[in-house]
K.L.:
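First the structure, then my questions, so here it is.
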Amino acid sequence: MKSTDTNFFEDVYQVVRLIPKGRATSYGLIAEYLGSKGSARMVGWAMNQAHAMPDVPAHRVVNRNGLLTGKNHFQTPTQMQELLESEGISIKNDQIMNFESIIWSPKIELL
DNA sequence: GACATGACGGCAG
DNA sequence: CCTGCCGCCATGT
(Lines give C-alpha, C1' and ligand atoms only; values in the text may rest on other atoms or scores of the structure.)
Protein backbone atom coordinates (compact mmCIF):
# COMPACT_ATOMS: atom_id res chain seq x y z
CA MET A 1 0.00 0.00 0.00
CA LYS A 2 1.32 3.36 -0.92
CA SER A 3 0.83 6.57 0.95
CA THR A 4 -1.68 7.59 -1.61
CA ASP A 5 -4.38 4.96 -1.53
CA THR A 6 -6.32 4.43 -4.69
CA ASN A 7 -9.32 5.48 -2.62
CA PHE A 8 -9.40 8.70 -4.56
CA PHE A 9 -9.74 6.83 -7.83
CA GLU A 10 -12.29 4.46 -6.33
CA ASP A 11 -14.37 7.41 -5.22
CA VAL A 12 -14.17 8.86 -8.70
CA TYR A 13 -15.31 5.60 -10.26
CA GLN A 14 -18.06 5.32 -7.67
CA VAL A 15 -19.42 8.76 -8.53
CA VAL A 16 -19.10 8.19 -12.28
CA ARG A 17 -21.05 4.96 -11.97
CA LEU A 18 -23.86 6.89 -10.29
CA ILE A 19 -24.27 9.18 -13.27
CA PRO A 20 -27.76 8.47 -14.65
CA LYS A 21 -28.26 7.68 -18.32
CA GLY A 22 -28.74 10.70 -20.50
CA ARG A 23 -26.75 12.87 -18.12
CA ALA A 24 -23.15 14.06 -17.85
CA THR A 25 -20.85 15.71 -15.35
CA SER A 26 -17.57 17.57 -15.35
CA TYR A 27 -14.17 16.77 -13.88
CA GLY A 28 -14.27 19.84 -11.70
CA LEU A 29 -17.60 18.90 -10.12
CA ILE A 30 -16.34 15.43 -9.26
CA ALA A 31 -13.09 16.82 -7.88
CA GLU A 32 -14.98 19.34 -5.83
CA TYR A 33 -17.38 16.68 -4.56
CA LEU A 34 -14.45 14.51 -3.47
CA GLY A 35 -12.96 17.43 -1.60
CA SER A 36 -10.03 17.92 -3.98
CA LYS A 37 -11.59 21.08 -5.24
CA GLY A 38 -9.46 22.58 -7.96
CA SER A 39 -7.70 19.32 -8.78
CA ALA A 40 -9.83 18.38 -11.75
CA ARG A 41 -6.65 16.98 -13.31
CA MET A 42 -6.68 14.14 -10.84
CA VAL A 43 -10.17 13.21 -11.95
CA GLY A 44 -8.92 13.16 -15.51
CA TRP A 45 -6.02 10.98 -14.40
CA ALA A 46 -8.46 8.64 -12.68
CA MET A 47 -10.43 8.43 -15.89
CA ASN A 48 -7.23 7.45 -17.64
CA GLN A 49 -7.23 4.33 -15.50
CA ALA A 50 -11.00 4.00 -15.72
CA HIS A 51 -10.53 1.74 -18.72
CA ALA A 52 -9.24 -0.85 -16.23
CA MET A 53 -12.43 -0.53 -14.19
CA PRO A 54 -15.76 -2.19 -15.11
CA ASP A 55 -18.97 -0.23 -15.41
CA VAL A 56 -17.23 3.13 -15.49
CA PRO A 57 -19.07 5.30 -18.03
CA ALA A 58 -16.20 7.70 -18.56
CA HIS A 59 -17.98 8.94 -21.66
CA ARG A 60 -20.41 10.71 -19.32
CA VAL A 61 -17.58 12.76 -17.89
CA VAL A 62 -16.61 15.81 -19.85
CA ASN A 63 -14.92 19.07 -19.10
CA ARG A 64 -16.80 22.00 -17.65
CA ASN A 65 -17.60 23.28 -21.17
CA GLY A 66 -19.33 20.01 -22.04
CA LEU A 67 -16.56 19.34 -24.56
CA LEU A 68 -15.54 15.74 -25.20
CA THR A 69 -11.90 16.39 -24.48
CA GLY A 70 -11.19 12.76 -23.57
CA LYS A 71 -12.77 11.15 -26.60
CA ASN A 72 -9.32 10.48 -27.97
CA HIS A 73 -8.63 8.13 -25.05
CA PHE A 74 -11.47 5.76 -25.82
CA GLN A 75 -11.25 2.65 -27.93
CA THR A 76 -12.12 4.90 -30.82
CA PRO A 77 -12.36 8.71 -30.92
CA THR A 78 -15.99 8.37 -31.96
CA GLN A 79 -16.89 5.88 -29.23
CA MET A 80 -17.60 8.62 -26.69
CA GLN A 81 -19.94 10.57 -28.94
CA GLU A 82 -21.64 7.38 -30.12
CA LEU A 83 -22.34 6.31 -26.53
CA LEU A 84 -23.62 9.72 -25.49
CA GLU A 85 -25.87 10.04 -28.53
CA SER A 86 -27.10 6.52 -27.84
CA GLU A 87 -28.23 7.75 -24.43
CA GLY A 88 -30.18 10.62 -25.91
CA ILE A 89 -27.48 13.26 -25.58
CA SER A 90 -27.03 15.48 -28.60
CA ILE A 91 -23.48 16.37 -29.56
CA LYS A 92 -22.29 18.96 -32.02
CA ASN A 93 -18.70 19.55 -32.93
CA ASP A 94 -17.53 17.26 -30.08
CA GLN A 95 -19.53 19.36 -27.68
CA ILE A 96 -22.68 18.42 -25.76
CA MET A 97 -25.58 20.58 -26.79
CA ASN A 98 -27.67 22.02 -23.98
CA PHE A 99 -25.02 20.71 -21.62
CA GLU A 100 -26.23 22.84 -18.72
CA SER A 101 -29.56 21.06 -18.92
CA ILE A 102 -28.15 17.53 -18.77
CA ILE A 103 -25.30 18.25 -16.39
CA TRP A 104 -25.30 16.12 -13.27
CA SER A 105 -23.73 17.53 -10.12
CA PRO A 106 -22.91 14.90 -7.45
CA LYS A 107 -22.81 17.52 -4.73
CA ILE A 108 -26.39 18.41 -5.65
CA GLU A 109 -27.96 15.22 -6.98
CA LEU A 110 -26.38 13.07 -4.27
CA LEU A 111 -26.82 15.66 -1.57
C1' DG B 1 15.48 14.16 -6.64
C1' DA B 2 14.14 17.39 -10.46
C1' DC B 3 11.76 18.31 -14.84
C1' DA B 4 8.00 17.64 -17.97
C1' DT B 5 3.31 16.10 -19.00
C1' DG B 6 -1.75 15.38 -18.45
C1' DA B 7 -9.26 13.10 -20.18
C1' DC B 8 -9.10 20.59 -16.14
C1' DG B 9 -10.39 25.05 -14.19
C1' DG B 10 -10.09 29.73 -12.94
C1' DC B 11 -8.28 34.34 -13.50
C1' DA B 12 -5.68 38.05 -15.76
C1' DG B 13 -4.52 40.58 -19.77
C1' DC C 1 -14.58 37.85 -26.82
C1' DC C 2 -10.26 35.34 -27.19
C1' DT C 3 -5.55 34.05 -25.64
C1' DG C 4 -2.28 32.98 -22.24
C1' DC C 5 -0.57 31.73 -17.64
C1' DC C 6 -0.82 29.58 -13.13
C1' DG C 7 -2.47 26.22 -9.82
C1' DC C 8 -3.81 21.57 -8.64
C1' DC C 9 -1.96 16.29 -7.54
C1' DA C 10 -0.02 12.19 -9.46
C1' DT C 11 2.74 9.63 -12.82
C1' DG C 12 6.61 8.92 -16.01
C1' DT C 13 11.29 9.86 -17.54
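Protein chains get the first letters and strands the later ones, always in sequence-line order, with residue 1 at the start of each.
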K.L.:
Taking atom C1' of B/dG6 as reference, at what distance in whole Å does atom NE2 of A/His51 sit?
P.N.:
14 Å
K.L.:
At what distance, to the nearest 0.5 angstrom, does CD of A/Gln49 lie from CZ of A/Phe9?
P.N.:
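It comes to 5.0 Å.
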K.L.:
Counting side-chain heavy atoms from C-beta on, which of B/dA7, C/dC9, B/dT5 comes nearest to A/Trp45?
P.N.:
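Given the options B/dA7, C/dC9, B/dT5, the side chain of A/Trp45 is closest to B/dT5.
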K.L.:
Please round to the nearest 0.5 Å and tell me the distance separating atom OG of A/Ser36 and atom CD1 of A/Ile30.
P.N.:
12.0 Å
K.L.:
What is the distance from CZ of A/Arg60 to P of B/dA7, rounded to the nearest Å?
P.N.:
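To the nearest whole Å, that distance equals 22 Å.
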K.L.:
According to a 3.5 Å limit on both distances, what stems of 3 or more consecutive Watson-Crick or G-U pairs are formed with DNA chain B?
P.N.:
B:2-6 with C:9-13, B:8-13 with C:2-7
K.L.:
Might you work through the side chain to side chain contact (heavy atoms under 4.5 Å, CB included) test for A/Val15 and A/Trp104, ending with a clear yes or no?
P.N.:
CA-CA 11 Å; A/Val15 175; A/Trp104 181 84; 3.9 Å; yes
K.L.:
Without decimals, in angstroms, what is the distance between A/Met47 CE and C/dC9 P?
P.N.:
18 Å
K.L.:
Are A/Ile19 and A/Phe99 linked, directly or through other ILVMFWY residues, by side chains that come within less than 4.5 angstrom of each other?
P.N.:
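Per the 4.5 Å side-chain linkage, A/Ile19 and A/Phe99 are not co-clustered.
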K.L.:
Between A/Ile108 and A/Val61, is there shared hydrophobic-cluster membership here, with clusters defined by ILVMFWY side-chain heavy atoms closer than 4.5 Å?
P.N.:
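No; tracing contacts between hydrophobic side chains, which count when under 4.5 Å, never links both residues.
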K.L.:
Near DNA chain C, which residues from residues 90-111 of chain A have a heavy atom under 4.0 Å away?
P.N.:
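Correct list: empty, so none.
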K.L.:
Under a single-linkage definition using a 4.5 Å side-chain heavy-atom cutoff for Ile, Leu, Val, Met, Phe, Trp and Tyr, are A/Leu111 and A/Leu18 assigned to the same hydrophobic cluster?
P.N.:
no
K.L.:
Between A/Glu87 and A/Arg23, does any side-chain N to carboxylate O distance fall below 4.0 Å?
P.N.:
no
K.L.:
Under 3.5 Å between N/O atoms: give me all the protein pairs with nucleotides 9-13 of chain B, atom names plus distance.
P.N.:
residue	atom	partner	partner atom	Å
B/dG9	OP1	A/Gly28	N	3.4
B/dG9	OP1	A/Arg64	N	2.9
B/dG9	OP2	A/Arg64	N	2.8

K.L.:
Looking at A/Ile96, A/Asn98, A/Val62, A/Leu83, which one forms a side-chain contact (heavy atoms from CB on, under 4.5 Å) with A/Ile89?
P.N.:
A/Ile96
K.L.:
Between A/Met80 and A/Leu84, is a side chain to side chain contact (heavy atoms under 4.5 Å, CB included) present by the stated rule, with each step listed?
P.N.:
CA-CA 6 Å; A/Met80 192 172 188; A/Leu84 291 170; 4.2 Å; yes
K.L.:
For A/Gln49 and C/dA10, give me the distance from atom CD to atom P, rounded to whole Å.
P.N.:
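Whole-Å distance recorded here is 13 Å.
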K.L.:
Measure from CG on A/Leu67 to C1' on B/dA7 and round the result to the nearest Å.
P.N.:
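After rounding, the reported distance stands at 11 Å.
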K.L.:
Do A/Met53 and A/Phe8 belong together in a cluster built from hydrophobic side chains that touch within less than 4.5 Å?
P.N.:
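Result: yes, single cluster for both.
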K.L.:
Measure CZ/A/Phe8 against P/C/dC8 and give the value in whole Å, please.
P.N.:
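Value for this atom pair: 15 Å.
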K.L.:
Report which part of the nucleic acid A/Ala58 touches: base, sugar-phosphate, or nothing (heavy-atom distance under 4.0 Å, all strands).
P.N.:
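Base contact.
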K.L.:
Measure CZ/A/Phe74 against P/B/dA7 and give the value in whole Å, please.
P.N.:
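Interatomic distance, CZ of A/Phe74 to P of B/dA7: 12 Å.
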K.L.:
List the steps, then state whether side chain to side chain contact (heavy atoms under 4.5 Å, CB included) holds for A/Lys107 with A/Glu32.
P.N.:
CA-CA 8 Å; A/Lys107 62 179 296 183; A/Glu32 183 179 352; 2.7 Å; yes
K.L.:
On a whole-Å scale, what distance lies between the P atoms belonging to C/dC2 and B/dA7?
P.N.:
23 Å
K.L.:
Say you pick atom P in C/dC5 and the same atom in B/dA4; how far apart are they, in whole Å?
P.N.:
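15 Å, rounded to whole Å.
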K.L.:
How close or far is atom C1' of B/dA7 from atom OH of A/Tyr13, stated in whole angstroms?
P.N.:
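Taking atom C1' of B/dA7 as the reference, OH of A/Tyr13 is at 12 Å.
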K.L.:
Would you please test A/Ser105 and A/Leu29 for side chain to side chain contact (heavy atoms under 4.5 Å, CB included) and show each step?
P.N.:
CA-CA 6 Å; A/Ser105 305; A/Leu29 290 175; 3.6 Å; yes
